[in-house]
Protein chains: 2
Amino acid sequence: MSSDNKTLNQSIIKAFTVLDAFTNDKKEWGVRELANKTGYNKSTTYRLLNTLASLNIVHQNSNEKYSLGSKLFELGNRVAIYKTIAKSTNNPIKNVALEIQETVLLSILKEHQVFHINKADSLHGLKINTSIGSYQPIHATASGKLLLAFSDKTDEILKNIELTKVTQHTITNAKAFKKELTKTVNQDYALDIEEFELGLVSIAIPIRNRQQNIIASISASGPLSRFRTENIPNYISILKKGATLIEEEFKDFDSL
Amino acid sequence: MSSDNKTLNQSIIKAFTVLDAFTNDKKEWGVRELANKTGYNKSTTYRLLNTLASLNIVHQNSNEKYSLGSKLFELGNRVAIYKTIAKSTNNPIKNVALEIQETVLLSILKEHQVFHINKADSLHGLKINTSIGSYQPIHATASGKLLLAFSDKTDEILKNIELTKVTQHTITNAKAFKKELTKTVNQDYALDIEEFELGLVSIAIPIRNRQQNIIASISASGPLSRFRTENIPNYISILKKGATLIEEEFKDFDSL
DNA sequence: CATAGTGTTTCACTAAATGAAACGTTGTTT
DNA sequence: AAACAACGTTTCATTTAGTGAAACACTATG
């Protein structure tokens with residue numbers, strides 16, 4: 001068992017486990033339902049929700065179910081760095097999404113993963129279900145491969161990640177993966193055809209600062225059924241429009 | 001002492017007390033500094049930060065100080081209702097702020113207080129320090145008086161609030177306050193001259209839906225030194241431009 | 001009326017959290 | 001170079017809070 005100093009506060013762990021259950025797909029939970037989901041006793045769950053409600057972190061609706069409260073919106077707005085970036089990039093990526101007709105993501109490398117700062121959804125019914133603020137594997141996504149390929153810490157990061165198999169198309173062989181990164185640098189874009197999720201295709205290009213260092217990626221994702229390899233130059237062209245606008249805004253940033 | 005069922009989880013209370021210390025004014029804290037601020041023992045504070053850091057709710061910078069982490073940004077983005085409204089209203093209120101040359105706020109009534117959904121800062125160095133997601137008193141602010149005046153629950157809310165003195169200009173007499181609300185309805189805007197904060201002036205107008213029910217307020221705030229009563233019609237005109245754009249977006253909403 | 005499901009409460013018991021003191025590191029002052 | 005001040009971090013004995021089973025009260029459904 002870990003020493004005292006590294007023992008985590010269990011009540012806080014439980015509280016955020018409960019909060020994590022609230023997603024865009026399921027915005028409200030009953031007490032017992034949430035207890036089943038988290039594995040916590042229903043009395044414990046009730047007390048956690050009660051405390052969180054008293055702080056406006058969740059609130060109880062008129063149907064007795066609980067949903068996220070305004071306090072998280074406030075706290076989320078204090079994480080200023082991402083809020084500012086999200087705000088500034090809304091229009092460029094929205095325009096790209098309209099033109100490319102797929103979901104567009106703005107992403108950076110963070111903690112050896114791909115972190116999504118902003119998103120503009122496709123208007124199609126069939127679209128990826130990725131959230132702003134979420135992480136995805138670096139080795140199995142277009143954005144991840146692109147950011148890793150151009151990173152100045154590529155070897156260090158490679159030592160710290162596992163090329164785990166996410167789908168049968170995920171590149172798990174180290175040599176093959178390095179070749180993929182070299183190819184990505186050469187062609188100045190990355191492609192992920194079902195490497196992260198079956199039926200899903202993504203294409204990512206770099207966003208550079210004044211010194212030509214990559215600070216983020218912009219990508220488009222959609223189902224394989226709507227994807228044509230002959231359309232790649234067109235996709236890149238549209239993504240570049242968005243990238244250019246974002247680069248103007250962040251040309252003097254070292255990173256996002 | 002309260003019964004078992006209403007006893008709040010102290011660890012969660014402490015965790016969010018710690019998180020509340022991180023503001024736009026002070027984004028990073030050392031362990032002892034934060035312990036002094038919150039009144040918690042430095043060991044306790046260290047453990048709280050350690051747990052929060054393990055969840056990416058805070059993170060420790062290279063200078064050993066702690067700041068808010070990406071997880072709050074993610075959780076904040078799940079409070080979809082405010083995020084959507086904030087996103088849709090960014091341009092209108094930004095444009096109003098540019099033209100009016102003061103800080104502009106979009107606000108609603110929530111829990112007998114004024115809740116700020118969105119904000120566009122003035123470019124002046126001297127400007128109000130209000131945060132998105134924060135609450136202000138309903139009786140001592142322009143937005144609050146406006147939203148209360150037009151509310152269909154005015155009397156009920158008045159029974160539940162105290163006309164506490166915030167500055168010497170705050171209206172604390174019930175009769176005088178009711179007259180102020182009547183005047184607000186008649187002139188279709190509200191003014192707060194140093195009622196909430198000395199030296200601060202705010203003017204608010206309504207945002208209406210298709211049924212002409214007020215769903216929010218848009219206001220401008222700045223220092224008394226830059227305020228001229230003869231400019232009120234001009235301020236209202238500019239605010240109305242923003243209100244009109246927002247009304248187009250939310251004309252079918254019953255409330256925000 | 002019976003049943004099933006919910007949120008909420010109680011109480012005896014269990015586990016977690018706490019704080020004082022000390023440690024190790026870094027930067028500053030003498 | 002040594003002493004000092006401030007920091008983050010760790011330890012251990014002690015204190016406090018948190019927990020879960022069982023029961024209650026309510027609502028909806030058949």
Side-chain angles (χ1 to χ4, degrees), chain A residues 1-23 25-69 71 111, chain B residues 1-23 25-69 71 111:
Chain A
M1 170 81 85
S2 61
S3 54
D4 184 338
N5 64 319
K6 289 308 174 194
T7 302
L8 302 176
N9 185 302
Q10 290 307 301
S11 293
I12 298 171
I13 298 290
K14 282 171 175 165
F16 281 93
T17 301
V18 158
L19 290 177
D20 262 335
F22 295 89
T23 63
D25 295 326
K26 190 163 176 62
K27 298 181 196 293
E28 60 174 25
W29 295 82
V31 176
R32 290 185 197 232
E33 190 181 24
L34 187 46
N36 286 340
K37 164 78 175 175
T38 59
Y40 299 143
N41 184 281
K42 67 183 188 302
S43 307
T44 301
T45 304
Y46 181 77
R47 288 195 193 90
L48 292 169
L49 288 169
N50 205 41
T51 301
L52 293 168
S54 78
L55 298 169
N56 278 330
I57 291 152
V58 302
H59 90 281
Q60 193 173 25
N61 306 321
S62 50
N63 63 354
E64 300 197 312
K65 297 201 185 288
Y66 290 81
S67 48
L68 290 181
K71 184 67 181 180
E111 289 150 36
Chain B
M1 170 80 84
S2 62
S3 55
D4 185 339
N5 64 318
K6 289 307 174 194
T7 301
L8 302 176
N9 185 302
Q10 291 306 302
S11 294
I12 298 171
I13 298 290
K14 281 172 176 163
F16 282 93
T17 300
V18 159
L19 290 177
D20 263 335
F22 296 90
T23 62
D25 294 328
K26 190 163 176 63
K27 297 180 196 296
E28 59 174 26
W29 294 82
V31 177
R32 290 183 197 231
E33 189 181 24
L34 186 47
N36 286 338
K37 165 75 173 175
T38 59
Y40 300 143
N41 184 281
K42 68 184 186 300
S43 307
T44 300
T45 303
Y46 181 77
R47 288 194 193 90
L48 292 169
L49 287 169
N50 205 42
T51 301
L52 292 170
S54 78
L55 298 168
N56 279 329
I57 292 151
V58 301
H59 91 278
Q60 192 173 27
N61 305 320
S62 50
N63 64 352
E64 299 196 314
K65 296 200 184 290
Y66 291 81
S67 49
L68 290 180
K71 184 68 179 179
E111 289 150 37

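Keep in mind that what you see is a predicted model, and the values were worked out from it rather than measured. Just so we're on the same page: letters track the sequence lines, and every chain starts at 1.
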- [ ] Name all pairs fulfilling the side-chain hydrogen bond (donor to acceptor under 3.5 Å, both in side chains) condition that reach into residues 46-57 of chain B, sequence neighbours left out, sorted by first residue then second.
- [x] Glu111(A)-Asn56(B)
TODO: Respond yes when some side-chain nitrogen or oxygen of Tyr66(B) is under 4.0 Å from OP1 or OP2 of dT9(D), and no when none is.
DONE: yes
Open item on the list: Does dT8(C) have OP1 or OP2 under 4.0 Å away from a side-chain N or O of Tyr46(A)?
Closed with: yes
Take atom [atom1] of [X] and atom [atom2] of [N], then tell me their distance rounded to the nearest Å.
| X | N | atom1 | atom2 | value |
| --- | --- | --- | --- | --- |
| Lys65(A) | dA28(D) | NZ | P | 13 Å |
| Leu49(B) | dT10(D) | CG | P | 13 Å |
| Leu34(B) | dC7(D) | CG | P | 12 Å |
| Trp29(B) | dG8(D) | CH2 | C1' | 17 Å |
| Asn63(B) | dG8(D) | CG | P | 10 Å |
| Glu64(B) | dT25(C) | CD | P | 12 Å |

- [ ] Can you check each nucleotide of nucleotides 16-24 of chain D against protein heavy atoms at under 4.0 Å and return B for base, S for sugar-phosphate only, - for none, in 5' to 3' order?
- [x] --SBBBBB-
- [ ] List in chain and number order the residues that pass side-chain contact (heavy atoms from CB on, under 4.5 Å) with Ala21(A), two or more places apart in sequence or in another chain; answer none if no residue qualifies.
- [x] Trp29(A), Leu34(A), Lys37(A)
Open item on the list: Once ring-ring contact (aromatic ring centres under 6.0 Å, His included) is applied, do any residues pair with Tyr40(B), and if so which ones, sequence neighbours excluded?
Closed with: none
Task: Estimated bend of the helix from dC1(C)-dG30(D) to dT30(C)-dA1(D) (axis per five terminal pairs, rounded to 10 degrees) - done: 40°
TODO: Give every residue pair that meets the salt bridge (Lys or Arg N to Asp or Glu O under 4.0 Å) criterion with at least one member in residues 11-22 of chain B, sequence neighbours excluded.
DONE: Lys71(A)-Asp20(B), Arg78(A)-Asp20(B)
What residues, two or more places apart in sequence or in another chain, satisfy side chain to side chain donor-acceptor pair (under 3.5 Å) together with [X]?
| X | answer |
| --- | --- |
| Gln10(B) | none |
| Thr44(A) | none |
| Lys65(A) | none |

Task: Sub-6.0 Å ring centroid separation between Phe22(A) and Phe16(A) - done: no
- [ ] Classify the nucleic acid contact of Gln60(B) as base, sugar-phosphate or nothing, counting any heavy atom under 4.0 Å across all strands shown.
- [x] sugar-phosphate
Task: Lys42(B) and Glu33(B) ion-paired at < 4.0 Å - done: no
